[in-house]
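Below, read A as the first sequence line, B as the second, and so on, with proteins coming before strands; counting in each chain starts at 1. In this text, all values refer to a predicted model and were calculated from it rather than measured experimentally. The analysis underlying the following values was restricted to heavy atoms, covering all of them including side chains, and did not include hydrogens, waters or symmetry mates.
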2 protein chains.
Amino acid sequence: MDESMFQQSGSAGSAVYQQLKQQIVSLELAPGTTLSEKETSLNFQVSRTPVRESFVRLAQEGLVWVLPQRGTRVSLIDSDMVEEARFMREQLEKAVIRLACEAFPADNLAALESNLEQQQESTQQHDGKKMFELDEAFHRILFEGCRKNGTWNVIQQMNAHLNRTRVLWLWTEPHWELLYEQHREIFLAVKQKNADHAEQIMKEHMQLSIANLPILKERFPEYFKSS
Amino acid sequence: MDESMFQQSGSAGSAVYQQLKQQIVSLELAPGTTLSEKETSLNFQVSRTPVRESFVRLAQEGLVWVLPQRGTRVSLIDSDMVEEARFMREQLEKAVIRLACEAFPADNLAALESNLEQQQESTQQHDGKKMFELDEAFHRILFEGCRKNGTWNVIQQMNAHLNRTRVLWLWTEPHWELLYEQHREIFLAVKQKNADHAEQIMKEHMQLSIANLPILKERFPEYFKSS
DNA sequence: AGTTCCATACTACCATACAAGTATGGTAGA
DNA sequence: TCTACCATACTTGTATGGTAGTATGGAACT
């Protein structure tokens, strides 16, 4: 499901899509923000057509809501969806980590170790943005090592809501040290082929993602869907 | 991720999208078929704009490949993606069936039983199309009973390739009786809250989906991505 | 005969004009 | 003052013309 395989990433439409997606997931565009096609087309110096294309794609991922003849808004974070995303990811990550404990290419293992070193650095430097990226990369490497790239891409597509809560969390109370420790334990478990332990840590790791979702909802009520 | 929540399902663009998707998944439009914007717009009696919109959405789901300035084709079935879809689905269905064995609403349980009766009918009448729909519905009910509707919708999105192989399989050698028996066993296991047994049957059920993928590749080589 | 080149007929991509539905603010009337 | 109405300025949805890149077939040349 790598979109670059199907869609010309150099086209104006794809460029707008990628930028908007980045801005939405990073909360640069806050949940609930209105986005008109015309205004966006002026910002990006293109016509409405490629903007519309990007809106269609974002709508399909649940990142924006298109209300016909009324407007388009950055979607509010849906707590139920966040929980489901966590559920999905937990199941898939647990299964993948078990595969990794059976067999994992040396190259990818080295990549994990290198990634961990960078995580340590970024943690010490309190570089939250970098840590976020490294976190993503760490898990992607696990999937890639198990030849489950497509699965990872699907997860990414549905992680829009989950990722936004993680960014919010980063704003409030980052505790990257714990995440780093968990990553390190997962790495060691894979290296030692200790599947049961790896799965256990991964399970805790995933459940941490939404541990303080109620706090976030209380703190940023305007970003969440009431439901 | 219910698309009707975000996108006006009554619009021309969505209508074209839904029809094309149905035709592609049912193999009415064979993998590899070329689809030009203009030709499709003439077929559907609409302008190229809504057709383009539908192409964008189909491309994002991997159902068509858009080759800039060259054309648009119905995507070939990617065996690797089929296997990954099966993997994903196995993990998620196993997790859900365990949840169902812990707690499952009476309404949904009744719906399952009703669905099973219809399956028996359709099997006796050799109505493959109906059986396919009932199969889908059976699993959807399981997810709905566990409040995992969003998860089911995500699965649906990525099941394009897997579903097409299942349709192919239906053409060659339908053995709905076995599927019916498995569904029945799953139902009973949920009713008796026998999680281990339910998971085991579900695992076999999922692995059945691609049991004869090599045969299909040999029989319909032009439908598969060489890779 | 084989090869090169070019006219032509496609393709998707983009910009723009128009259509149709919706929110809003002001005005006329009670 | 309050209410009903309507003009207006938005919004997204749709149609269409033009642009640039690509495949193809035939003609001219070697």
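Residue B/Thr49 is in base contact, counting any heavy-atom pair closer than 4.0 Å across all strands shown. B/Thr72 comes within 4.0 angstrom of the backbone, heavy atoms only, and of no base.
The six-membered or imidazole ring of B/His175 lies near that of B/Trp169, with a centre-to-centre distance under 6.0 Å.
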Polar atom pairs between nucleotides 5-9 of chain C and protein, under 3.5 Å, N or O only, would you list them?
none

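Counting heavy-atom neighbours within 6.0 Å of B/Lys130 NZ, excluding the residue itself, gives a total of 12 or less.
A/Arg164 and A/Ser75 share a donor-acceptor pair across their side chains, judged by distance under 3.5 Å alone. For the residue pair B/His183 and B/Asn115, no side-chain donor N or O sits within less than 3.5 Å of a side-chain acceptor on the partner. A/Gln60 and B/Glu61 share a donor-acceptor pair across their side chains, judged by distance under 3.5 Å alone.
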Worksheet item: What does nucleotides 19-25 of chain C look like as a protein-contact string, B for base, S for sugar-phosphate only, - for none, at under 4.0 angstrom between heavy atoms?
Response: --BSS--

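Of all nucleotides listed (C/dT11, D/dT12, C/dC14), D/dT12 comes nearest to the side chain of A/Ser36. Taking only side-chain atoms of B/Ala12, from C-beta outward, the nucleotide of C/dA12, D/dT11, D/dT14 with the closest atom is D/dT14.
Between B/Lys38 and A/Pro50, the residue anchored closer to the 5' end of DNA chain C is B/Lys38, taking for each the nucleotide with the nearest heavy atom.
Atom CZ of A/Phe55 and atom C1' of D/dT12 are 10 Å apart (whole Å). Rounded to an integer number of Å, the gap from CG of B/Leu42 to P of C/dC10 is 12 Å. Atom CZ in A/Arg73 sits roughly 14 Å away from atom C1' in D/dT11 (whole-Å rounding). Taking atom CD on A/Glu37 and atom P on C/dT16, their separation rounds to 15 Å, with Å as the unit. If you measure from atom CG of B/Leu35 to atom P of C/dC10, you get 17 Å, rounded to the nearest angstrom. One atom, CD of B/Glu39, and another, P of C/dA12, lie 10 Å apart when rounded to the nearest Å.
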Worksheet item: After noting the C-alpha distance and the side-chain angles of B/Ser209 and B/Arg89, does the key distance pass the side-chain hydrogen bond (donor to acceptor under 3.5 Å, both in side chains) rule?
Response: CA-CA 10 Å; B/Ser209 305; B/Arg89 207 173 149 174; over 6 Å; no

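In terms of phosphate contacts, B/Ser11 brings no side-chain nitrogen or oxygen within less than 4.0 Å of OP1 or OP2 of D/dG13. Residue B/Arg52 places no side-chain N or O under 4.0 Å from the OP1 or OP2 atom of C/dA12.
B/Arg52 and A/Glu53 are joined by a salt bridge, as a carboxylate oxygen and a charged side-chain nitrogen come within less than 4.0 angstrom of each other. Taking a cutoff of 4.0 Å between a charged side-chain nitrogen and a carboxylate oxygen, A/Lys225 and A/Asp80 do not qualify as a salt bridge.
Checked by atom type and distance alone, the side chain of B/Ser122 never pairs as donor or acceptor with a backbone atom of B/Asp127 at under 3.5 Å.
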